Amino acid sequence: DTAVSQTPKYLVTQMGNDKSIKCEQNLGHDTMYWYKQDSKKFLKIMFSYNNKELIINETVPNRFSPKSPDKAHLNLHINSLELGDSAVYFCASSQGQYGNQPQHFGDGTRLSIL
Amino acid sequence: DQQVKQNSPSLSVQEGRISILNCDYTNSMFDYFLWYKKYPAEGPTFLISISSIKDKNEDGRFTVFLNKSAKHLSLHIVPSQPGDSAVYFCASHTGTASKLTFGTGTRLQVTL
């Protein structure tokens, strides 16, 4: 009974392709996030959704488009993949948006661009 | 501009001893500070947090100390156990946008 699950766990693809990563949480949380961990292990917020509404968009290229069909899901679609997109992408969720509500993370999707 | 810094990339401690992990921040608007633990090929797991209005929070073997004047926080693990070997991330929370800013992590190795 995984709390935050991401699929796929690994994704290897070529430059220029379009790919999607799916995220689902069964914690009943109302806020979900996408983070990117780059080669320097720096974990950085990309997007945040609260009740399916976008609340954070951290100057991410337009090629990245999140989509939240309902509160339990937040998917990430990436168009025209570039070498610099190679990273580990983490999905997370929390109940509410306040600091005393810790975020729960999935195990990550390792994206490798050839 | 890195607002949250963990200046020690790694730390090795003997089992049973105290582990002290440090974190510095620059933004006075952070309202909560959190520590996450991460094993390889897994996502970060929440460990302990502290409000900016407190200076100490304790949970079992884990204690977080906050020094606001120095913009510094630390995580103490006593006693350290081999299962504590992981990467520890310090994170700072900003206001109602629920944005977490992470440090680059410290790899803790607890040796027998």
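In what follows, chains carry the letters A, B, and so on, assigned in the order in which the sequence lines appear, proteins first and then strands, with residues in each chain numbered from 1. Model, not experiment: these values are computed from the prediction.
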Quiz item: Can B:Q2 and A:F42 be said to form a side-chain contact (heavy atoms from CB on, under 4.5 Å), step by step?
Solution: CA-CA 10 Å; B:Q2 216 171 315; A:F42 196 40; 4.0 Å; yes

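- By the criterion of side-chain heavy atoms lying less than 4.5 angstrom apart, applied directly or through intervening Ile, Leu, Val, Met, Phe, Trp or Tyr residues, B:W35 is grouped together with B:L11 in one hydrophobic cluster.
- For a residue to count as touching a neighbouring chain, one of its non-hydrogen atoms must lie under 4.5 Å from one of that chain's; by this rule A:Q6 does not touch chain B.
- To the nearest 0.5 Å, the span separating NE2 on B:H93 from CD on A:Q103 amounts to 7.0 Å.
- Taking every heavy atom of both residues into account, A:L43 and B:F102 meet most closely at O-CB, 3.6 Å.
- Grouping the Ile, Leu, Val, Met, Phe, Trp and Tyr side chains by contacts below 4.5 angstrom, directly or via other members, places A:V88 apart from A:V4.
- Residues B:F33 and B:I20 fall into different hydrophobic clusters, defined by Ile, Leu, Val, Met, Phe, Trp and Tyr side chains chained together at heavy-atom separations under 4.5 Å.
- Considering all non-hydrogen atoms of both residues, A:K41 and B:F89 come closest at O-CE2, 3.8 Å.
- Going from atom CD1 of A:I45 over to atom NZ of B:K99 covers 8.0 Å, rounded to the nearest 0.5 Å.
- More than 12 heavy atoms of other shown residues, nucleotides or ligands fall within 6.0 angstrom of atom CG in A:D70.
- Using a 4.5 Å cut-off between heavy atoms, B:Y32 touches chain A through its side chain atoms alone.
- Looking at B:Y36, the atoms closer than 4.5 Å to chain A (heavy atoms on both sides) all sit in the side chain, from C-beta outward.
- In the hydrophobic clustering of ILVMFWY residues, with side-chain heavy atoms under 4.5 Å counting as a link, B:Y88 and B:V110 come out together.
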Exercise. Quick one: do B:L100 and A:Y33 satisfy side-chain contact (heavy atoms from CB on, under 4.5 Å)? Show the steps, please.
Key: CA-CA 10 Å; B:L100 280 182; A:Y33 314 81; over 6 Å; no

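- Grouping the Ile, Leu, Val, Met, Phe, Trp and Tyr side chains by contacts below 4.5 angstrom, directly or via other members, places A:L54 with A:L76.
- For A:K9, the part lying near chain B is the side chain, with the backbone staying farther off; criterion is any non-hydrogen pair under 4.5 Å.
- Contact between A:D107 and B:E42 at its shortest, heavy atoms only, is OD1-CA, 3.6 Å.
- Within a 6.0 Å sphere centred on CZ of B:R17, other residues, nucleotides and ligands contribute 12 heavy atoms or fewer.
- The candidate with the highest count of non-hydrogen atom pairs below 4.5 Å against chain A, out of B:P44, B:S52, B:A41, B:G105, is B:P44.
- With a 4.5 angstrom heavy-atom cutoff, B:S51 does not touch chain A via any of its atoms.
- Within a 6.0 Å sphere centred on NZ of A:K67, heavy atoms belonging to other residues, nucleotides or ligands number 12 at most.
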